[in-house]
Asker: 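The structure's right below; bear with me while I get my questions together.
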Amino acid sequence: HAITGAERHGFAKAYLTHCLNEWVPNKKSEIIHLDIPMGDGSDTRPLVRHLRMIAFYASSLVKGEGYTPSLRVSAVQIGSECKIWIGEPNGPSLKLRVGTMGNLFPVDRQRRGYEPASVVRKKIMEKHEVLT
């Protein structure tokens with residue numbers, strides 16, 4: 001049967017927690033707030049794909065900030081704008097934009113535009129050799 005409503009939201013939080021625990025070892029992950037489009041229907045693959053992108057950026061943010069053993073993550077998406085933050089809403093955050101193919105891209109704060117994926121990938125790989 002297709003998972004919907006609260007069951008789908010519970011699945012999303014559990015899956016995101018699983019990804020974070022896998023990608024950020026030695027940190028206990030907790031999803032504080034998750035308000036993203038969950039989709040509908042029986043196919044959860046688009047949701048899983050979206051959650052993996054959120055987990056990737058959240059784990060990169062955490063690794064860059066060097067945070068404590070407790071990892072409290074929140075993600076909110078309204079339309080094509082998504083924000084991920086660690087701890088409280090005024091904690092370290094990353095703004096993302098949903099592209100035409102449904103991929104998430106970081107917003108470049110200085111130019112108020114978008115960096116090409118190759119530039120973002122290079123920056124992340126420079127900081128996190130374990131991802132190469």
Asker: Can you name the nearest heavy-atom pair linking Val98 to Gly79, along with the distance?
Answerer: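 Taking Val98 first and Gly79 second, the nearest heavy atoms are CG2-O, 4.5 Å.
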Asker: If you link I, L, V, M, F, W and Y whenever their side-chain heavy atoms are under 4.5 Å apart, who else ends up in the same group as Met101?
Answerer: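 Joined to Met101, directly or through intermediates: none.
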Asker: What residue pairs, at least two apart or across chains, pass salt bridge (charged side-chain N to carboxylate O under 4.0 Å, His left out) with a residue in residues 45-59?
Answerer: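 Qualifying pairs, neighbours excluded: Asp43-Arg45.
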Asker: When the ring planes of His33 and Trp85 are compared, do they come out parallel, tilted or perpendicular, using 30° and 60° as the limits?
Answerer: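 The rings of His33 and Trp85 lie parallel, inter-plane angle below 30°.
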Asker: What residues, two or more places apart in sequence or in another chain, satisfy side chain to side chain contact (heavy atoms under 4.5 Å, CB included) together with Asn21?
Answerer: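 Per chain and number, Asn21 pairs via side chain to side chain contact (heavy atoms under 4.5 Å, CB included) with Thr17, Ser29.
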Asker: Hey, does His9 have a side-chain heavy atom less than 4.5 Å from the side chain of Leu34?
Answerer: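 Contact flag for Leu34/His9 side chains = yes.
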Asker: Might you point out which heavy atoms bring Phe105 and Tyr57 nearest each other, and give the distance in Å?
Answerer: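 Closest approach of Phe105 to Tyr57: CA-OH, 4.1 Å.
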Asker: Might you point out which heavy atoms bring Ile54 and Ile84 nearest each other, and give the distance in Å?
Answerer: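 Minimum heavy-atom contact is O-CD1, 3.7 Å.
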Asker: What's the shortest heavy-atom distance between Ala58 and Leu20, and which atoms?
Answerer: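 Ala58 and Leu20 have their closest heavy atoms at CB-CD2, 3.9 Å.
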Asker: Can you find a heavy atom in the side chain of Asp35 that is under 4.5 Å from one in the side chain of Ile78?
Answerer: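 The answer is no, as the side chains (C-beta and beyond) never meet within the 4.5 Å cut-off.
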Asker: Looking at CG of Asn103 and CE of Met53, how far apart are the two atoms once the value is rounded to the nearest 0.5 Å?
Answerer: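 Reported value, rounded in 0.5 Å steps: 5.0 Å.
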Asker: Once rounded to the nearest 0.5 Å, what's the spacing between atom CG of Leu61 and atom CZ of Phe56?
Answerer: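 If I round to the nearest 0.5 Å, the distance is 11.5 Å.
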Asker: So do His50 and Leu104 actually touch side chain to side chain, heavy atoms under 4.5 Å?
Answerer: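 Yes, at least one pair of side-chain atoms sits under 4.5 Å.
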Asker: Would you give the length of the straight line joining atom SG of Cys82 to atom CD1 of Ile36, rounded to the nearest 0.5 angstrom?
Answerer: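 Between Cys82 SG and Ile36 CD1, I get 7.0 Å after rounding to 0.5 Å.
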Asker: Can you name the residues that form a side chain to side chain contact (heavy atoms under 4.5 Å, CB included) with Thr4, not counting sequence neighbours?
Answerer: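 Checked Thr4 against side chain to side chain contact (heavy atoms under 4.5 Å, CB included); zero matches.
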Asker: Can you sort out the partners of Arg8 under side chain to side chain contact (heavy atoms under 4.5 Å, CB included), two or more places apart, ordered by chain and number?
Answerer: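 In terms of side chain to side chain contact (heavy atoms under 4.5 Å, CB included), with neighbours along the sequence ignored, Arg8 is linked to Ile3, Met38, Thr44, Leu47.
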Asker: To the nearest 0.5 Å, what is the distance between OH on Tyr15 and CD1 on Ile31?
Answerer: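 CD1 of Ile31 is found 12.5 Å from OH of Tyr15.
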Asker: List for me each residue that meets side chain to side chain donor-acceptor pair (under 3.5 Å) alongside His18, sequence neighbours excluded, and say none if there are none.
Answerer: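 With sequence neighbours excluded, His18 shows a side chain to side chain donor-acceptor pair (under 3.5 Å) to Glu22, given in chain and number order.
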